[in-house]
Number of protein chains: 2
Amino acid sequence: METWLTQPDLDDLDVGTVLQALADPTRLRIVRLLGQVEESTCTALDLPVKVSTVSHHVNILRQSGVVSTRLDGTARPSRLRRADLERRFPGLLDSILHATPPRAADQPATSDVSGA
Amino acid sequence: METWLTQPDLDDLDVGTVLQALADPTRLRIVRLLGQVEESTCTALDLPVKVSTVSHHVNILRQSGVVSTRLDGTARPSRLRRADLERRFPGLLDSILHATPPRAADQPATSDVSGA
DNA sequence: CGATAGTTACGACGACCATCGTAATAGATT
DNA sequence: AATCTATTACGATGGTCGTCGTAACTATCG
């Protein structure tokens with residue numbers, strides 16, 4: 001029998017909460033990494049922050065409904081809730097995972113005006 | 001000839017920046033409202049914050065590429081960049097606009113464990 | 001030209017939160 | 001049981017940002 005950390009039910013997921021979870025750069029990186037490896041622990045994720053911080057972010061991701069965490073001995077591997085998110089917010093996760101990086105160019109100031 | 005406030009080019013849109021823009025509750029409300037009325041000014045949006053704050057949020061939405069703003073006399077009506085966002089991040093905006101509210105129920109604490 | 005109304009610019013303040021260091025917990029191994 | 005390793009819990013701190021009040025700006029109207 002597998003044991004999991006408690007997570008919000010499918011119908012309780014809030015799009016605003018999910019967006020807040022995905023808004024942080026570090027958490028977005030975590031989501032992208034989990035999109036490639038299917039399952040990973042906090043220490044296995046290669047991130048420029050301390051493990052305690054990674055654990056904090058994974059908690060937020062789980063509480064918002066983005067990932068689910070399994071108990072495997074001393075390890076707590078997490079994975080994306082792909083199917084759940086797809087049912088609740090169709091297209092949201094895929095649009096983020098498939099997003100291409102922006103064209104690396106300096107953008108003009110947006111406070112000015114331009115004729116069209 | 002219509003005049004518009006400058007906005008980031010399509011290829012310069014960054015999904016992280018867009019997610020940060022959409023993460024704020026007030027900005028998410030603005031996006032939802034613009035999803036219904038097709039075009040609106042800051043004062044026309046019915047929001048529980050001061051107009052100067054609404055203007056601030058609309059600026060962030062425009063700088064992130066979510067909305068575009070037109071100059072019409074003294075008014076500056078903004079609208080969603082639906083087509084652009086759909087081309088850059090297919091499915092992202094629609095998944096947010098079509099998201100249903102969560103089932104209003106108290107969720108259990110997520111720090112505990114549950115057998116499966 | 002003067003007045004009015006809508007919008008934005010500018011500081012300033014306060015709250016939230018990402019990050020860290022350390023300590024505590026729990027399972028695995030010998 | 002003792003030790004080791006992985007993970008989390010706990011404060012604490014510093015920076016970011018949402019919000020506001022006011023002033024400046026711009027276009028329309030009389």
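Below, chains carry the letters A, B, ... as their sequence lines are ordered, and counting in each starts from 1. Quick caveat, the model's predicted, so the values are computed rather than measured. Computed over heavy atoms, backbone and side chain alike; hydrogens, waters and symmetry mates excluded.
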Check whether any side-chain N or O of B:R88 sits under 3.5 Å from a backbone N or O of A:A99 as a donor-acceptor pair, and report yes or no. no
Letter by letter from the 5' end, nucleotides 22-30 of chain C scores (B base, S sugar-phosphate only, - none; protein heavy atoms under 4.0 Å) -----BS--
Atom CG of A:L47 and atom P of C:dA18: how far apart are they, to the nearest Å? 14 Å
Spacing of B:L61 atom CG relative to C:dT8 atom P, expressed in whole Å: 12 Å
For B:L10, is there any backbone N or O sitting under 3.5 Å from a side-chain donor or acceptor partner on A:R103? no
Does the A:R62 side chain pair with the main chain of A:T69, one donor and one acceptor, at a distance under 3.5 Å? no
Taking CG from B:L5 and C1' from C:dT7, how many angstroms apart are they, rounded to a whole number? 11 Å
Once you round it to whole Å, what is the distance between C1' of C:dA9 and NZ of B:K50? 18 Å
Are OP1 or OP2 of D:dG18 and a side-chain N or O of B:T53 less than 4.0 angstrom apart? no
Under 4.0 Å between a side-chain N or O of A:N59 and OP1 or OP2 of D:dT7? no
Of the candidates C:dT8, D:dT8, D:dG18, the side chain of A:S55 sits closest to D:dT8
Atom NE2 of A:H57 to atom P of D:dA9: distance rounded to whole Å? 15 Å
Note: contacts of residues 16-40 of chain B with DNA chain C (heavy atom, under 4.0 Å) are none
Does a side-chain N or O of B:H56 approach OP1 or OP2 of D:dG18 to a distance below 4.0 Å, or not? yes
Would you list the pairs meeting side chain to side chain donor-acceptor pair (under 3.5 Å) in which at least one residue belongs to residues 28-38 of chain B, sequence neighbours left out? none
